[in-house]
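Okay, structure first, notes after.
By convention in this document, chain letters (A, B, ...) are assigned in the order of the sequence lines, proteins followed by strands, and residues within each chain are numbered from 1. Quick note: numbers below take in every heavy atom, side chains included, and nothing from hydrogens, waters or symmetry partners.
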Amino acid sequence: MSESLTGLKRSHYCGTVKKDLVGQEVTLMGWVHRRRDHGGVIFVDLRDREGLVQIVFNPEIGEELFQKAEAVRNEYVLAVVGTVGLRPEGTINPNLTTGEIEVAASEVRILSIAKTPPFYIDDEVDVDEMIRLKYRYLDLRRPIMQKGLMLRHKAIKVIRDYFYDNGFLEIETPMLTKSTPEGARDYLVPSRLHEGEFFALPQSPQLFKQLLMVAGMDKYFQLARCFRDEDLRADRQPEFTQLDAEMSFVEREDILTTMEKMIAQLFKKCLDVDIKTPLPRLSYQEAMERFGVDKPDLRFGLELVDVAEEVKDCQFKVFAQVLEKGGRVKGINATGCAHYSRKDLDDLTKLVGIYGAKGLAYFILTEEGLKSPIAKFFTQEQLERIVTRMEGKPGDLLLFVADEAAVAAAALGHLRLELGKRLNLINEEEFNFLWVVDFPLLEYDEEEKRWVAMHHPFTSPVEEDMPFMETEPGRIRAKAYDMILNGVEIGGGSIRIHRRDIQELMFKRLGISLEDAQEKFGFLLDAFEYGVPPHGGIAFGIDRLLMLMAGRNSIRDVIAFPKTQSAMDVLTQAPSSVASRQLKELHIKIKN
RNA sequence: GGAGCUGUGGUGUAGUGGCCUAACAUGCCUGCCUGUCACGCAGGAGAUCGCGAGUUCGACUCUCGUCAGCUCCGCCA
């Protein structure tokens with residue numbers, strides 16, 4: 001049934017056959033996108049990665065060829081030889097880039113027949129994602145998926161070119177490496193030659209790139225596959241690709257400048273979008289105050305407002321008690337939402353509940369005045385001051401959360417995002433970048449009852465904050481920075497500690513003894529005794545960046561073969577059990 | 001570890017206790033058709049309603065459990 005390719009060579013991609021080829025003979029290879037059989041004349045849309053072109057089979061071409069065209073079905077793979085011709089008057093298809101021409105077939109070979117696909121190969125089709133993943137090779141035939149992977153290819157090329165042009169060396173680091181404490185759960189690989197011992201797949205090339213700086217490589221970058229055995233999200237896969245970079249003899253601004261230029265070039269060359277540099281910089285503290293999150297989406301307003309001053313003397317116990325305990329009372333003006341129903345308000349209350357808020361207070365502002373179940377706890381003057389502070393006007397809905405600072409911020413921060421969506425305030429075409437800087441060096445882990453590094457233990461503190469190391473560790477700022485795009489963290493990094501005394505202080509503060517540090521990170525500390533350049537770097541999440549560039553909602557749409565939310569590959573059925581012989585070689589026994 | 005949403009011919013959906021012998025669209029098969037491009041027309045095949053248990057005279061429909069997918073919380077230095 002299938003015919004040989006022998007003697008045929010593709011002359012053009014289907015999608016590139018244009019008017020300038022009229023009169024020429026072309027040889028095309030591709031998949032049958034659709035067949036339209038008019039009895040006397042048959043049209044076949046032939047598809048390859050560059051697009052569609054219409055093939056015409058006229059009866060005059062001979063019985064054998066015509067019968068072949070009749071037998072063709074969707075997704076058959078064909079080789080077609082034919083002559084490019086202008087379409088007859090009135091049959092031009094403006095929806096097709098190749099719509100002005102068609103190819104009159106003179107020879108066709110059915111290179112491969114195909115079963116009817118489980119879903120139609122088309123951008124419009126909205127198919128269950130598991131079916132898409134099971135038949136990923138069919139899903140990837142859809143033009144939108146092909147565009148995504150082609151964009152990814154181009155982006156990676158532009159990134160490489162940028163780093164090559166700016167004196168960076170591309171260096172590979174090991175995939176089989178040492179499990180280190182702190183951070184995400186490791187994927188472990190058992191060692192056959194060393195019974196009971198394990199490699200870990202890298203969570204990032206962090207320590208290796210610092211060693212490369214000690215080695216004098218000066219500037220390094222790598223497109224590195226990274227692995228973290230944590231639960232998945234729309235923007236998190238257990239294996240993902242980082243653009244990892246590190247530079248020696250630099251300060252924070254050198255890195256930010258180098259990286260934002262790279263991003264600007266990336267967007268210009270891939271999307272023809274101009275990104276204005278330098279990007280705005282926002283301190284962590286200001287981001288949390290104004291937006292409630294450390295990765296604010298600045299495409300719209302609806303900023304958080306602190307109303308502690310206005311409510312501190314009120315009779316509403318919830319607010320008063322929270323303030324007494326050092327918590328925060330903050331609000332957000334849901335502009336024009338005074339008409340929200342009981343159900344709308346319930347939904348929003350449920351939303352803030354996810355982030356730990358115990359309730360959501362509201363003031364409805366109408367022409368007739370202020371309506372609120374808690375209005376009776378405030379004097380008229382207090383109410384007016386709150387409304388003024390919130391810039392409320394008739395038609396608005398004022399929403400308040402009172403809680404400890406972190407809860408109030410998270411609840412209102414996510415409420416803000418929900419309102420931004422509901423009120424249609426987000427311009428989907430916009431690419432809004434910023435740097436968030438001056439992250440705290442440490443945060444207190446309630447479970448472990450100790451201070452932990454917010455970024456990682458090798459992040460340099462801001463020198464002037466060093467005196468707080470013993471007294472107020474939470475106040476120390478780190479020389480760390482994140483790049484944010486449309487409310488998504490696309491990259492983060494820091495200036496590293498390169499002084500042994502500060503590194504020792506850091507370990508001490510984290511409750512890691514020098515012996516422990518030596519055992520876990522000894523190779524790095526040893527290296528640091530042989531002359532370390534001041535250095536720093538950054539890593540970008542390539543999948544997230546591509547997701548945003550392609551305008552998709554999940555990184556799965558820009559990864560060729562992603563995992564499901566339960567970290568399985570439904571196409572290959574991985575993970576799977578292995579032969580007992582394999583386990584034996586690895587000295588591993590399965591319980592049960 | 002937890003919460004929510006979803007699961008019905010190949011695909012996407014409708015179906016809120018008997019009207020279901022399960023509907024619609026599309027796809028598929030057969031036939032007709034010489035200018036379509038989501039071609040058209042006529043006919044046909046195709047579903048134990050995710051799985052298991054329960055309630056009921058009767059379950060696609062209600063209850064419980066379970067599995068899978070998605071979204072989120074925790075987690076992700």
With a 3.5 Å cut-off and heavy atoms only, can you find an N or O donor on one side and an acceptor on the other between the side chain of A:E447 and the base of B:G74? no
Using side-chain hydrogen bond (donor to acceptor under 3.5 Å, both in side chains) as the criterion, list what pairs up with [X], not counting sequence neighbours.
X	result
A:R132	A:D139, A:D557
A:D122	none
A:E102	A:Q54
A:S576	none

Any heavy-atom pair between the side chains of A:I555 and A:L546 that's under 4.5 Å? no
According to a strict under-4.0 Å criterion, is [X] in side-chain N/O contact with OP1 or OP2 of [N]?
X	N	result
A:R36	B:C39	yes
A:R73	B:C29	yes
A:N58	B:G35	no
A:R34	B:C39	yes

Checking base pairs now: Watson-Crick or wobble, both atom distances under 3.5 Å. What partners [N]?
N	result
B:U71	B:A3
B:G18	B:C57
B:U13	B:A23
B:C29	B:G43
B:G65	B:C51

Using the ring of each side chain (for Trp, its six-membered ring), is A:H414 parallel, tilted or perpendicular to A:Y355, with breaks at 30° and 60°? parallel
Which of parallel (below 30°), tilted (30 to 60°) and perpendicular (above 60°) describes A:Y120 and A:H33? tilted
Closest to side chain of A:R87, choosing from B:C72, B:G35, B:C76: B:G35
Quick note, A:T91 side chain, CB onward, closest among B:C76, B:U36, B:C73 is B:U36
[atom1] gap between [N] and [M], integer Å:
N	M	atom1	result
B:C73	B:U16	C1'	32 Å
B:C60	B:C49	P	7 Å
B:U13	B:G17	P	23 Å
B:C29	B:G18	P	38 Å
B:A68	B:A25	P	35 Å
B:G43	B:C24	P	13 Å
B:C20	B:G58	C1'	13 Å
B:U66	B:A23	C1'	30 Å

Taking atom [atom2] of [N] as reference, at what distance in whole Å does atom [atom1] of [X] sit?
X	N	atom1	atom2	value
A:I121	B:G27	CD1	P	14 Å
A:R132	B:G69	CZ	P	15 Å
A:F57	B:C33	CZ	C1'	18 Å
A:D346	B:A3	CG	P	20 Å
A:D122	B:A38	CG	C1'	8 Å
A:L232	B:C73	CG	P	13 Å
A:D37	B:G35	CG	C1'	13 Å
A:I354	B:G1	CD1	P	20 Å

Ranking A:D235 and A:R185 by the position along RNA chain B of their nearest nucleotide, the one closer to 5' is A:D235
5'-most contact on RNA chain B: A:G99 or A:F458, nearest heavy atom basis? A:G99
Which residues pass the salt bridge (Lys or Arg N to Asp or Glu O under 4.0 Å) test with A:R236, not counting sequence neighbours? none
Tell me, please, which residues at least two apart from A:R233 pass salt bridge (Lys or Arg N to Asp or Glu O under 4.0 Å). none
Scan residues 553-572 of chain A against RNA chain B and write down, sorted by residue number, each residue with any heavy atom closer than 4.0 Å; if none is found, say none. A:R556, A:T564, A:Q565, A:S566, A:M568
Residues within residues 478-486 of chain A bordering RNA chain B, heavy-atom distance below 4.0 Å: none
Can you sort out the partners of A:Q146 under side-chain contact (heavy atoms from CB on, under 4.5 Å), two or more places apart, ordered by chain and number? A:R49, A:M150
Who passes side-chain contact (heavy atoms from CB on, under 4.5 Å) against A:I131, sequence neighbours left out? A:F119, A:V127, A:D128, A:Y135
Protein-nucleotides 5-14 of chain B N/O pairs under 3.5 Å:
{"residue": "B:G10", "atom": "O2'", "partner": "A:P118", "partner atom": "O", "Å": "2.8"}
{"residue": "B:U11", "atom": "O4'", "partner": "A:P118", "partner atom": "O", "Å": "3.1"}
{"residue": "B:G12", "atom": "OP1", "partner": "A:D128", "partner atom": "N", "Å": "2.8"}

Do A:F43 and A:F57 have ring centroids that are under 6.0 Å from one another? no
For A:R496, run the side chain to side chain donor-acceptor pair (under 3.5 Å) check against A:E246, A:Q210, A:Q503 and tell me which one passes. A:E246
Looking at every strand, decide which applies to [X] at a 4.0 Å heavy-atom threshold: base, sugar-phosphate, or nothing.
X	value
A:E102	base
A:E60	base
A:Y355	sugar-phosphate
A:N95	nothing
A:R233	base

Show your reasoning for whether side chain to side chain contact (heavy atoms under 4.5 Å, CB included) applies to A:F458 and A:L207. CA-CA 9 Å; A:F458 309 103; A:L207 300 176; 3.4 Å; yes
Any pair with a residue in residues 481-495 of chain A that passes salt bridge (Lys or Arg N to Asp or Glu O under 4.0 Å), sequence neighbours left out, goes on the list, sorted by first then second residue, please. none
